[in-house]
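Please read the structure below before turning to the comments.
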Amino acid sequence: MRDTRESRLLLVLLIAIAFALITVDIRGGEESPLGGARQAAASAFGPVENGVASAVDPIGNAIGAVRDSGERHSRIAALERENAALKLRLGSDARTRSRAAELDKILRTAGAGQYSVKGAQVIAIGAAQGFSWTVTIDVGSDDGIARDMTVLNGDGLVGRVTTVGPSTATVLLANDPDFTVGTRLEGSGELGFATGQGGRDLRVQLLNGKTVVKKGDRMVTFGSQGGKPFVAGVPVGEVTRVDPSRGELTRTVQVRPFVGFTRLDLVGVVVQPPRKNPRDAVLPPKPKGPKPTPTVTVTATPTAPIPAPDGN
C-alpha cells in the first residue's frame with residue numbers, strides 16, 4: 001500500500017475500531033458479543049501455538065538440563081574432593097597407628113633386654129653400597145650414633161652400624177653374606193655363629209657337634225665385649241632345618257630370621273648395652289598348643305542272671 005493521505009486515515013480508523021472492540025470485549029466478560037469470534041480464533045491458532053510451544057520446550061528443557069548438569073557436576077566434584085580427603089586421612093591414620101604399634105614393639109623389646117635405644121627410620125636401601133644388604137637410617141653422629149652399634153626392631157636383630165655421618169648412618173643387615181653374629185640356643189645355651197645368606201635363611205654353625213637341636217628352637221645373640229658390635233639377648237630367629245650330623249665337631253642348622261628385612265621401617269639403635277646379660281629372656285613366650293580333650297571310657301559291668309522261679 002502506498003503511503004498517501006488516504007492510507008494514513010484508513011490506518012487510524014482501523015486502530016480506533018480495534019480499541020473499541022477490545023473495550024467492548026473486556027466489559028462484556030463471559031457474555032461479550034465477541035466471545036464467538038474469540039473462540040474461533042483460538043480454534044484456528046491454538047494448534048499453531050502448541051506446535052511452537054512443542055518446538056520451544058525441548059530447547060528450554062535443554063537449557064535447564066545444562067544448568068542443572070553444571071550444578072550436579074559441581075556437587076559431584078565437591079563430593080569427590082571430600083571423599084579423596086577422607087581416604088587420605090584414613091590412610092594416614094592407619095599408617096600412624098601401624099607405626100605407633102611398631103614403635104611400641106621396639107620399646108617392649110628394649111625394655112625386656114634393658115637396652116637404651118635411639119629410635120630411627122629407614123630412609124633408603126643400600127644400592128650405593130654395591131650388592132650388600134644395607135639400609136640408611138636418619139640418625140648419625142649428631143644423635144650419638146657410632147660405628148658397631150647393634151640395630152634392632154620389635155621383632156629382633158636387624159644388623160649393625162657400619163658407617164656414620166652427621167645425620168645418617170648405614171646399617172649392614174643380618175642377612176648379608178658378610179654378616180656374622182654369635183648366637184645362643186634357647187634353653188640349653190649352646191653357642192654358635194650365624195651367617196647371612198641373602199634372601200635365604202641364616203646359616204648357623206653350632207660349636208658343639210652333639211648339640212640336641214630341633215625344628216622350632218629359637219636363638220638370641222650371644223653378645224660382644226662391651227656390647228659392640230652386638231649386645232646380648234636380641235632375638236635372632238627360629239630353626240627351620242637341622243642338617244644331618246656326620247660326626248663333625250660342629251653342627252649346622254638353618255634359621256629363619258624373626259625380622260622381615262624387605263619391609264623395615266622403624267628401628268632402634270642400641271646406644272647403651274644392658275648391665276646384665278638377658279640371655280633368652282627377650283624372646284616372647286612360646287605359643288601354647290591346644291589342650292588335649294579328655295576321653296572318658298565307660299565299661300559296662302555284666303549282671304548276674306536272674307534265677308527262674310521255683311515250680312514247686
Side-chain angles (χ1 to χ4, degrees), residues 95-130 132-176 178-184 193-196 202 219-237 257-284:
R95 177 170 172 76
T96 299
R97 288 193 297 270
S98 175
R99 300 189 74 190
E102 190 172 356
L103 180 60
D104 186 58
K105 286 178 63 178
I106 293 175
L107 293 177
R108 285 202 304 268
T109 300
Q114 296 299 304
Y115 314 122
S116 296
V117 300
K118 176 70 176 180
Q121 181 180 357
V122 173
I123 57 175
I125 58 174
Q129 313 294 330
S132 299
W133 289 74
T134 61
V135 294
T136 301
I137 55 178
D138 62 350
V139 293
S141 57
D142 292 346
D143 305 287
I145 307 302
R147 180 183 170 88
D148 286 338
M149 284 184 170
T150 305
V151 181
L152 52 79
N153 67 4
D155 297 318
L157 180 66
V158 172
R160 62 180 176 86
V161 176
T162 54
T163 57
V164 182
S167 58
T168 61
T170 301
V171 178
L172 183 69
L173 301 181
N175 64 337
D176 187 273
D178 290 334
F179 188 97
T180 300
V181 59
T183 61
R184 182 188 296 275
F193 290 96
T195 303
L202 304 177
M219 296 184 178
V220 299
T221 55
F222 173 68
S224 308
Q225 183 68 31
K228 289 187 177 182
F230 302 109
V231 295
V234 180
V236 174
F258 290 128
V259 171
F261 298 106
T262 59
R263 54 179 186 273
L264 291 172
D265 185 12
L266 298 182
V267 297
V269 183
V270 181
V271 294
Q272 183 176 345
R275 295 180 179 179
K276 182 181 178 182
N277 188 340
R279 299 179 71 88
D280 54 17
V282 184
L283 288 170

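All heavy atoms count here, side chains included; hydrogens, waters and symmetry mates do not.
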Sidechain-backbone polar pair: Thr134 side chain, Val171 backbone, donor-acceptor under 3.5 Å: no
CG of Asp178 to CG of Leu173: how many Å apart, nearest 0.5 Å? 12.0 Å
Working note: Phe230 + Phe193, criterion ring pair (Phe, Tyr, Trp, His ring centres under 6.0 Å); need CA distance, chi angles, decisive distance, verdict. CA-CA 13 Å; Phe230 302 109; Phe193 290 96; over 10 Å; no
Distance-minimising heavy-atom pair for Pro257 and Leu202: CG-CG, 3.8 Å
To the nearest 0.5 Å, tell me how far Ile125 CD1 sits from Trp133 CH2. 9.5 Å
Looking only at heavy atoms, the pair that brings Val139 and Gly119 closest together is CG1-O, 3.7 Å
Heavy-atom side-chain contact between Phe179 and Thr162 under 4.5 Å: no
Heavy-atom pair with the smallest gap, counting every atom of Pro278 and Gly233: CG-CA, 3.9 Å
On a heavy-atom basis, the closest approach of Ser132 and Leu172 is CB-CD1, 4.5 Å
Shortest non-hydrogen separation from Pro166 to Ser141 and the atoms involved: CA-OG, 3.2 Å
Non-hydrogen side-chain atoms of Tyr115 and Val282 separated by less than 4.5 Å: yes
For Leu283 and Pro235, which heavy atoms make the closest approach, and how far apart are they? CD2-CB, 3.8 Å
Can a donor-acceptor pair be found, under 3.5 Å and without considering hydrogens, that links the side chain of Asp138 to the backbone of Gln121? yes
Using residues 103-114 as the side-chain source, report each donor-acceptor pair under 3.5 Å to any protein atom, sequence neighbours left out, with the distance given to one decimal.
{"residue": "Asp104", "atom": "OD2", "partner": "Arg108", "partner atom": "NH1", "Å": "2.3"}
{"residue": "Lys105", "atom": "NZ", "partner": "Asp155", "partner atom": "OD1", "Å": "2.7"}
{"residue": "Thr109", "atom": "OG1", "partner": "Lys105", "partner atom": "O", "Å": "3.1"}
{"residue": "Thr109", "atom": "OG1", "partner": "Gly154", "partner atom": "O", "Å": "3.1"}
{"residue": "Gln114", "atom": "NE2", "partner": "Gly111", "partner atom": "O", "Å": "2.7"}

Set of ring pair (Phe, Tyr, Trp, His ring centres under 6.0 Å) partners for Phe261, sequence neighbours left out: none
Please answer whether the main-chain N or O of Pro229 pairs with a side-chain N or O of Thr150 as donor and acceptor at a distance below 3.5 Å. yes
Quick one: are Asn277 and Arg184 in side-chain contact, heavy atoms under 4.5 Å? yes
Enumerate, atom names and distances included, each donor-acceptor pair closer than 3.5 Å involving a side-chain atom of residues 263-273, sequence neighbours excluded.
{"residue": "Asp265", "atom": "OD2", "partner": "Arg99", "partner atom": "NE", "Å": "3.3"}

What's the separation between atom CZ in Arg160 and atom NZ in Lys228, rounded to the nearest 0.5 Å? 12.5 Å
Please report the interatomic distance OG1(Thr168) to CD1(Ile145), rounded to the nearest 0.5 Å. 11.0 Å
Has the side chain of Asp142 got a donor or acceptor atom that lies under 3.5 Å from a matching backbone atom of Ser167? no
